[in-house]
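For reference, the structure is listed below as C-alpha cells.
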Amino acid sequence: MDGRIFSLKQILSERLDRNWTVAEMAHCFNLSVPHFQKLFKAHIGTSPIAYLRELRLEKARELLETTYLQIKQIRLQTGIMNDSHFTREFTKKFGVSPTEYRKNFWEMEQSNPPNGKE
C-alpha cells in the first residue's frame, strides 16, 4: 500500500470528529484532488468519502457496544453532525437504529454469561 494512503488511514481514524473534505485529504500530501482520489481508490477500493463514512459507522458501532455514552455523544465523536443522517446511515448499514442496536447488543450480552457459566 502507498505510504501516503496508509498514513491518511491513521490520520482519519484518529480524527473522526473532523469535518473532512477530499480537498483537505489531498492537501495533506500535496496531491491534486483527482490524483488523490484515483490513488486512494486504487489502494482501498472505494472513494475517500465512502471509506470515511464506513470508518465512522464502525467506530459508532464499537462505541455503542463498549461505552455508556449517549447516542448524541457517539454521533459527535464520530464526526456525524446530523442526527437523522446518522440514524439513517447506521440503520442502512446494520439493519437497526443505533438505539435498537445497543439494546439488542446488551440483551445478548446479558443472556451469554462469561466463559459459558451461569
Side-chain angles (χ1 to χ4, degrees):
M1 173 182 299
D2 186 292
R4 296 169 292 190
I5 301 303
F6 181 80
S7 295
L8 181 63
K9 285 175 62 177
Q10 282 296 123
I11 292 167
L12 292 176
S13 67
E14 293 169 2
R15 294 294 318 270
L16 287 176
D17 60 331
R18 182 174 175 178
N19 189 20
W20 290 98
T21 66
V22 175
E24 289 172 324
M25 292 179 210
H27 182 72
C28 287
F29 302 101
N30 296 319
L31 297 172
S32 69
V33 170
H35 181 70
F36 168 72
Q37 287 179 307
K38 184 178 178 182
L39 182 67
F40 193 94
K41 187 157 187 164
H43 286 279
I44 304 300
T46 190
S47 73
I49 295 300
Y51 174 80
L52 181 59
R53 180 176 48 248
E54 289 297 310
L55 199 61
R56 286 175 165 157
L57 290 170
E58 286 296 332
K59 183 64 175 182
R61 181 190 57 77
E62 177 188 321
L63 292 171
L64 286 167
E65 292 177 0
T66 61
T67 72
Y68 295 104
L69 293 172
Q70 294 178 349
I71 303 289
K72 180 180 179 180
Q73 292 172 302
I74 290 172
R75 179 176 57 78
L76 294 174
Q77 274 191 16
T78 57
I80 305 170
M81 299 302 136
N82 182 290
D83 186 48
S84 61
H85 178 74
F86 174 60
T87 301
R88 183 175 56 250
E89 291 296 318
F90 192 95
T91 302
K92 187 173 160 183
K93 179 164 179 63
F94 298 107
V96 292
S97 72
T99 303
E100 291 173 279
Y101 184 90
R102 175 178 267 166
K103 179 180 178 276
N104 294 343
F105 177 82
W106 286 109
E107 284 176 356
M108 205 148 88
E109 283 292 301
Q110 294 298 318
S111 68
N112 293 320
N115 301 325
K117 297 178 183 174
E118 295 198 31

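This chain uses plain numbering: 1 for the first residue, then up along the sequence. Please read all numbers here as calculations on a predicted model, not as lab measurements.
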* Structure fact -> Between the OG atom in Ser7 and the CG atom in Asp2, the distance rounded to the nearest 0.5 Å is 8.5 Å
* Between Ser32 and Ala26, what is the shortest heavy-atom contact and its length? -> O-CB, 4.0 Å
* Asked: Using the ring of each side chain (for Trp, its six-membered ring), is Tyr101 parallel, tilted or perpendicular to Phe105, with breaks at 30° and 60°?
  -> parallel
* Asked: Would a 4.5 Å heavy-atom cut-off, applied to side chains only, mark Leu76 and Gln70 as touching?
  -> no
* To do: Walk me through it: do Glu24 and Arg18 pass the test salt bridge (Lys or Arg N to Asp or Glu O under 4.0 Å)?
  => CA-CA 11 Å; Glu24 289 172 324; Arg18 182 174 175 178; 3.4 Å; yes
* Asked: Are more than 12 heavy atoms from other residues, nucleotides or ligands located less than 6.0 Å from atom NE2 of His43?
  -> yes
* Asked: Out of curiosity, Thr78 OG1 to Leu63 CG, how far, rounded to the nearest 0.5 Å?
  -> 7.5 Å
* To do: Over all heavy atoms of both residues, which pair between Ala50 and Thr46 is shortest? Give the atoms and the distance, please.
  => CB-OG1, 3.3 Å
* Ile80 versus His85: any side-chain heavy-atom pair under 4.5 Å? -> yes
* Structure fact -> side-chain contact (heavy atoms from CB on, under 4.5 Å) test vs Lys93 passes for just one of Glu54, Arg61, Arg53, namely Glu54
* Flag if over 12 foreign heavy atoms under 6.0 Å of CG, Asn82 -> yes
* Asked: Do the ring centers of Phe40 and Tyr51 come within less than 6.0 Å of each other?
  -> yes
* How long is the gap from CZ on Arg4 to CG on Leu31, to the nearest 0.5 Å? -> 5.0 Å
* With a 4.5 Å limit on heavy-atom distance, are the side chains of Gln10 and Glu14 in contact? -> yes
* Structure fact -> Closest non-hydrogen contact found for Trp20 with Arg15 is NE1-O, 3.0 Å
* **Residue Met108 excluded, over 12 heavy atoms near CE under 6.0 Å** => no
* **Glu100 and Ser97: side chain donor to acceptor below 3.5 Å** => yes
* Decide yes or no for Thr67 and Arg102: does some side-chain heavy atom of the first lie under 4.5 Å from some side-chain heavy atom of the second? => yes
* **Glu58 CD to Glu62 CD distance, which is reported to the nearest 0.5 Å** => 9.0 Å
* Any side-chain heavy atom of Phe29 sitting closer than 4.5 Å to one from Leu39? -> no
* With a 4.5 Å heavy-atom cut-off, do Leu57 and Lys92 have their side chains touching? -> no
* Structure fact -> Minimal heavy-atom distance between Met25 and Ile49, with the atoms involved, is CE-CD1, 4.1 Å
* **Those residues that, when tested against Glu107, pass side chain to side chain donor-acceptor pair (under 3.5 Å) (two or more places apart)** => Lys103
* Structure fact -> Between Ile71 and Pro98 the two heavy atoms that sit nearest each other are CD1-CB, 4.0 Å
* Hey, any chance Leu55 and Ile74 share a hydrophobic cluster, counting ILVMFWY side chains that come within less than 4.5 Å of each other, even indirectly? -> no
* Asked: Taking a hydrophobic cluster as the set of Ile, Leu, Val, Met, Phe, Trp and Tyr residues connected by side-chain heavy atoms closer than 4.5 Å, whether directly or through intermediates, do Phe90 and Tyr68 fall within one such cluster?
  -> yes
* To do: Taking the side chain as every heavy atom from C-beta outward, state whether Gln77 and Asp17 have any atom pair closer than 4.5 Å.
  => no
* Look only at the side chain of Thr91 and the backbone of Arg88, and say whether a donor-acceptor pair between them is shorter than 3.5 Å. => no
* Structure fact -> To the nearest 0.5 Å, atom CG of Leu16 lies from atom CD1 of Ile11 at 12.5 Å
* To do: Enter the distance from Glu109:CD to Asn104:CG here, rounded to the nearest 0.5 Å.
  => 12.0 Å
* To do: With sequence neighbours excluded, tell me which residues meet side chain to side chain donor-acceptor pair (under 3.5 Å) with Arg75.
  => none
